[in-house]
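Each remark here refers to the structure printed beneath this line.
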There are 2 protein chains.
Amino acid sequence: MGRRLSICNSIDDCDLAVLANESSRMTVADGRSFIEEGAPAHDFFVVTGGRVKLFTLLPDGRRQITGFAEGGDFLGLAASTSYAFGAEALGSATLCRFPHAGMQRLTERFPSLEHRLREEASRELALMQARMTLLGRKTARERVATFLIERCTHLDRPDPTRPVELDLPMPRTDIADYLGLTIETVSRILSAFKKEKLISIRSITHITLLMPERISTIAEGME
Amino acid sequence: MGRRLSICNSIDDCDLAVLANESSRMTVADGRSFIEEGAPAHDFFVVTGGRVKLFTLLPDGRRQITGFAEGGDFLGLAASTSYAFGAEALGSATLCRFPHAGMQRLTERFPSLEHRLREEASRELALMQARMTLLGRKTARERVATFLIERCTHLDRPDPTRPVELDLPMPRTDIADYLGLTIETVSRILSAFKKEKLISIRSITHITLLMPERISTIAEGME
DNA sequence: CGCGGCGTTGACGCATTTCAATCCTCGTGG
DNA sequence: CCACGAGGATTGAAATGCGTCAACGCCGCG
């Protein structure tokens with residue numbers, strides 16, 4: 001989960017071959033898990049294509065999705081010796097894997113990379129603060145509204161008053177587990193938004209925000 | 001929010017005077033706020049004495065406490081240009097303030113410090129994953145149990161089967177806002193635990209876990 | 001054409017919140 | 001020393017938002 005500006009930016013014109021040397025590509029099929037929660041953490045990952053979901057599990061199977069990651073996002077910072085989360089592909093995804101050892105060689109060679117990684121972690125921390133507020137204090141309506149706005153912030157939204165089209169590549173189950181709700185509640189609230197003409201649902205994955213500003217207002221709990 | 005091993009460890013025998021030069025001490029009175037959510041972020045902080053609470057607010061006043069910090073903990077990583085959280089003293093607290101500019105001089109002088117900061121951020125990220133699971137997926141009972149166990153992990157617990165004494169320096173309101181519950185629910189559940197002989201409540205701030213293991217079991221949702 | 005997986009909708013139940021009353025506990029002043 | 005008051009904590013009763021259970025719909029695939 002790191003945003004834009006892949007880590008390569010801190011290496012700039014420097015030897016990209018060195019970076020390639022330390023990493024290996026891999027492809028993960030839809031639904032395939034490639035990080036096991038609690039497993040010893042040997043690698044960092046950068047998502048180069050497709051999307052992945054990160055999550056933690058309770059012993060009885062309850063699941064909390066802690067984030068979705070896509071192209072350019074960085075994975076594995078939330079890990080010391082073992083991964084604090086599991087990860088699996090959402091649709092087929094391609095990744096760059098950086099073994100910790102290799103990463104260390106890279107940070108020695110390019111000291112600014114270390115700073116870049118910290119920035120990445122900081123950005124992630126800031127996002128998580130907001131998500132904790134969502135999970136701890138927002139109503140179901142507010143959560144779904146926040147989710148929609150979040151999705152449209154991913155895009156570089158042109159005009160906040162104009163309708164925005166967006167697609168939700170993840171199934172309802174994932175949305176629910178991300179928002180700390182059930183699929184039924186998510187479904188009901190999307191239907192309610194539709195009835196209120198706040199959104200239109202073209203297909204299961206394709207939604208248009210008709211009144212982004214109002215949804216944004218709901219998201220902040222200012223109804 | 002950084003644990004043990006203050007950042008000084010990465011400087012070791014090196015010039016501590018340099019570090020002192022870049023920082024300034026400050027004391028914050030009980031309940032006084034010293035970081036304003038959303039304000040431009042100019043400083044890092046290290047808690048040197050007492051405790052502080054970190055939180056985010058919704059416009060209508062709902063509050064989510066995102067963490068408690070105490071001696072040695074690091075504050076301000078979850079901030080790029082502006083703070084992603086507010087902070088205020090819980091009881092009177094003393095802090096070390098490091099302006100970003102000074103911190104940058106330090107990381108240039110002691111490159112390992114940058115790595116240390118990343119570690120700190122990673123540790124924090126891992127904790128937050130767990131907290132998101134708590135807020136999104138655990139029941140009230142499980143949340144309170146988790147909170148108790150968390151508190152006792154802060155101590156270096158000797159024997160997990162023996163009773164553990166711990167004090168909760170924060171008011172119920174803070175516990176509730178930390179767990180995403182109401183004070184009433186927190187209170188009721190503590191009473192229930194008492195009735196079940198899982199804990200004993202010596203005073204408002206002083207609680208003994210009579211059966212740490214059982215509480216731990218509840219915390220993981222394995223009841 | 002029919003089956004299976006996901007999504008929606010409805011009815012009902014329950015955990016937690018909300019509202020409200022009472023209880024501590026501790027500091028203050030008579 | 002005790003009465004008193006105020007703020008937080010506890011306890012109880014009622015309300016409610018969301019979850020659970022269950023039926024149904026939609027759609028793609030064999």
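Below, read A as the first sequence line, B as the second, and so on, with proteins coming before strands; counting in each chain starts at 1.
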Practice problem: Using only heavy-atom distances, decide whether a donor-acceptor pair under 3.5 angstrom links the side-chain of B/Arg188 to the base of C/dT18. | Solution: yes
Quiz item: Contact class for A/Ile183 (heavy atom, under 4.0 Å): base, sugar-phosphate, or nothing?
Solution: nothing
Could you tell me how far apart [X] ([atom1]) and [N] ([atom2]) are, to the nearest whole angstrom?
{"X": "A/His206", "N": "D/dC26", "atom1": "NE2", "atom2": "C1'", "value": "19 Å"}
{"X": "A/Arg143", "N": "D/dG17", "atom1": "CZ", "atom2": "P", "value": "14 Å"}
{"X": "B/Lys194", "N": "D/dA9", "atom1": "NZ", "atom2": "P", "value": "15 Å"}
{"X": "A/Ile189", "N": "D/dG19", "atom1": "CD1", "atom2": "C1'", "value": "12 Å"}
{"X": "B/Ile204", "N": "D/dG7", "atom1": "CD1", "atom2": "P", "value": "15 Å"}
{"X": "A/Asp174", "N": "C/dC6", "atom1": "CG", "atom2": "P", "value": "11 Å"}
{"X": "A/Leu179", "N": "D/dG19", "atom1": "CG", "atom2": "P", "value": "11 Å"}
{"X": "B/Asp30", "N": "D/dG7", "atom1": "CG", "atom2": "C1'", "value": "14 Å"}

Practice problem: Nearest 0.5 Å please: distance from the CG atom of B/Asp60 over to the CZ atom of A/Arg137. | Solution: 10.5 Å
Quiz item: Got a second to check how far B/Glu70's CD is from B/Leu90's CG, nearest 0.5 Å?
Solution: 10.0 Å
Quick check for you: among [options], whose closest atom lies nearest to any side-chain atom of [X]?
{"X": "A/Ala140", "options": "C/dT18, D/dA9, D/dC18", "value": "D/dC18"}
{"X": "A/Ser187", "options": "D/dA9, C/dT9, C/dT18", "value": "C/dT9"}
{"X": "B/Thr185", "options": "D/dA9, C/dT17, C/dT8", "value": "C/dT17"}

Quiz prompt | side-chain N/O B/Ser191 vs D/dT10 OP1/OP2, d < 4.0 Å | solution = no
Quiz item: B/Phe193 pairs by side-chain contact (heavy atoms from CB on, under 4.5 Å) with which of B/Ile207, B/Ile199, B/Ile201?
Solution: B/Ile199
Quiz item: Are there more than 12 heavy atoms of other residues, nucleotides or ligands under 6.0 Å from atom CD of A/Glu196?
Solution: yes
Exercise. Kindly check if the number of other-residue, nucleotide or ligand heavy atoms within 6.0 Å of CE (A/Met26) is above 12?
Key: yes
Self-check item: 5' precedence on DNA chain D between A/Thr139 and A/Glu184 (nearest-nucleotide basis)
Solution: A/Thr139
Self-check item: First of A/Leu190 and A/Arg137 reached from the 5' end of DNA chain C, by closest nucleotide
Solution: A/Leu190
